[in-house]
Amino acid sequence: MFENRFDLRCYVVTGAGSVDEVVHTASAAARGGAGVVQVRSKPISPEAMRELASKVALEVARYSPTTRVLIDDHLHVASSLMREGLPIHGVHLGQDDVSVLEARELLGPEAIIGLTTGTLELVAAANELSDVLDYIGAGPFRKTPTKDSGRPPIGLAGYPPLVELSKVPIVAIGDVTPADVRALSATGVAGVAMVRAFSESDDPQQVAENVVANFELGRLS
Ligand SMILES: Cc1ncc(COP(=O)(O)OP(=O)(O)O)c(N)n1
Ligand SMILES: Cc1ncsc1CCOP(=O)(O)O
Ligand SMILES: [Mg+2]
């Protein structure tokens, strides 16, 4: 889809905490250079996701108008808020969610749409959607308490083959810490996505600054 519409290097996925804590973490990380904030909460009702995503999007836009805000799973909440003019830019979909094609038809060509993968087979399948898909998440990098995808950890060595195969940019996810960023960047992924590294930090802005700086160093190696 459209080039340079988003910066995947530092990709925040919201985690545990009160609405105010989630909003603070997201906006601080955006101030620190996070190019994407994904609003993720499970389980959550559409109504509660609507409230949470609206508050995150408005606060992120205040501090970092270039940061893109995506909603996890809830396509119709995203569609509704985008139509109302909220600064929300798309969705991240799982293998068990609505299809990428349906999301593209509903959200239009400008929206950012991502898909969960994590094996060569799922990346190959995502390649069939490369004309309507903007990026893929590929995890878990390492086993993580935040999510059990049922898939084996990819590990550092597992990313170059996924990068080589994929027709769209890849975001690594799953127990990623700032210390992993430089090595993951060197594998050719387009970005790293983190939940606890931000939600458990008392300075999410500094974490984001660190991630962006180390991601650039990894690109040089
Ligand atoms: C960037 C990114 N990659 C993977 C996921 C998967 O998270 P989750 O929504 O819990 O799982 P699925 O719905 O995709 O099965 C994500 N949210 N973001
Ligand atoms: C959403 C998701 N998808 C694969 S692992 C994961 C959770 C990542 O959370 P953390 O960064 O805390 O390990
Ligand atoms: Mg999902």
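Remember, it's 1-based here, ligands and their atoms both numbered in the order they're listed.
- In summary, an N, O or S atom of Asp72 is located under 2.8 Å from the Mg ion (ligand 3).
- Annotation: cation-pi geometry satisfied between Arg31 and Tyr63 (NZ/CZ under 6.0 angstrom from ring centroid, within 45° of ring axis).
- Lys147 and Asp175 are not joined by a salt bridge, as no carboxylate oxygen comes within less than 4.0 angstrom of a charged side-chain nitrogen.
- Contact check for Val60 versus Arg68: no side-chain heavy atoms found under the 4.5 Å cut-off.
- Atoms of ligand 2 lying under 4.0 Å from at least one heavy atom of Arg196, given by number and element, are 10 (P), 11 (O), 12 (O), 13 (O).
- Under the side chain to side chain donor-acceptor pair (under 3.5 Å) criterion, Thr66 pairs with no residue, sequence neighbours left out.
- Under the 4.0 angstrom criterion for non-hydrogen atoms, Asp175 is in contact with ligand 2.
- Side-chain atoms of Glu84 and Ser80 form a donor-acceptor pair, as typed in the model, at a separation below 3.5 Å.
- By the 3.5 Å distance cut-off applied to N or O atoms, Thr116 is counted among the residues near ligand 1.
- The protein atom (non-hydrogen) at minimum distance from atom 13 (O) of ligand 1 is Asp73 OD1, 3.2 Å.
- Taking the centre of each ring, Tyr11 and Tyr135 come in below the 6.0 Å mark.
- Between Asp96 and ligand 1 there is no heavy-atom distance shorter than 4.0 Å.
- Residue-ligand proximity, Asp97 to ligand 1, at heavy-atom distances under 4.0 Å covers atoms 13 (O).
- The option from Gln38, Arg151, Met194 that lies nearest to atom 18 (N) of ligand 1, judged by heavy atoms, is Gln38.
- Nearest protein heavy-atom contact of atom 3 (N) of ligand 2 is Lys147 CD, 3.4 Å.
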For the pair Thr119 and Arg151, evaluate side-chain hydrogen bond (donor to acceptor under 3.5 Å, both in side chains) and give the outcome as yes or no after the intermediate values.
CA-CA 8 Å; Thr119 64; Arg151 287 188 290 271; over 6 Å; no
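- Close N/O approach between Gln95 and ligand 1 is not found [any backbone or side-chain N/O within under 3.5 Å].
- For the residues His92, Arg40, Lys147, the heavy atom positioned nearest atom 15 (O) of ligand 1 is part of Lys147.
- Scanning the protein heavy atoms around atom 8 (P) of ligand 1, the nearest turns out to be Lys42 CE, 3.4 Å.
- Looking at Arg182 and Ser221, their side chains never bring a donor and an acceptor atom within 3.5 Å of each other.
- Distances shorter than 4.0 angstrom occur between a heavy atom of Gly174 and an atom of ligand 2.
- A search for side chain to side chain donor-acceptor pair (under 3.5 Å) contacts involving Arg40 returns nothing, not counting sequence neighbours.
- Each of the following atoms of ligand 2 lies closer than 4.0 Å to a heavy atom of Met194: 11 (O).
- When the Mg ion (ligand 3) is compared with the N/O/S atoms of Asp73, atom OD1 turns out nearest.
- Hydrophobic clustering keeps Val212 apart from Val207 (ILVMFWY residues linked when any side-chain heavy atoms are closer than 4.5 Å, directly or through intermediates).
- With respect to atom 12 (P) of ligand 1, the closest heavy atom belonging to the protein is Gly94 CA, 3.7 Å.
- Nearest-residue assignment for atom 7 (C) of ligand 2 (options Thr117, Thr146, Val192, Asp72; heavy-atom criterion): Thr146.
- Counting heavy atoms closer than 4.0 Å to ligand 2, residue Val195 contributes atoms from both its backbone and its side chain.
- A salt bridge is absent between Glu47 and Arg50: the closest approach of a Lys/Arg side-chain nitrogen to an acidic carboxylate oxygen does not fall below 4.0 angstrom.
- Atoms of ligand 1 lying under 4.0 Å from any heavy atom of Gly137, numbered from 1 in the order shown and given with element: 3 (N).
- Inspection of the Thr177 and Asp180 side chains reveals an N or O donor paired with an N or O acceptor under 3.5 Å.
- Residue contact check for ligand 2: Arg40 places a non-hydrogen atom closer than 4.0 Å to it.
- Nearest protein neighbour of atom 9 (O) of ligand 1, counting heavy atoms only, is Asp72 OD2, 2.8 Å.
- Between Glu51 and Lys55 a salt bridge is recorded (basic side-chain N to carboxylate O distance below 4.0 Å).
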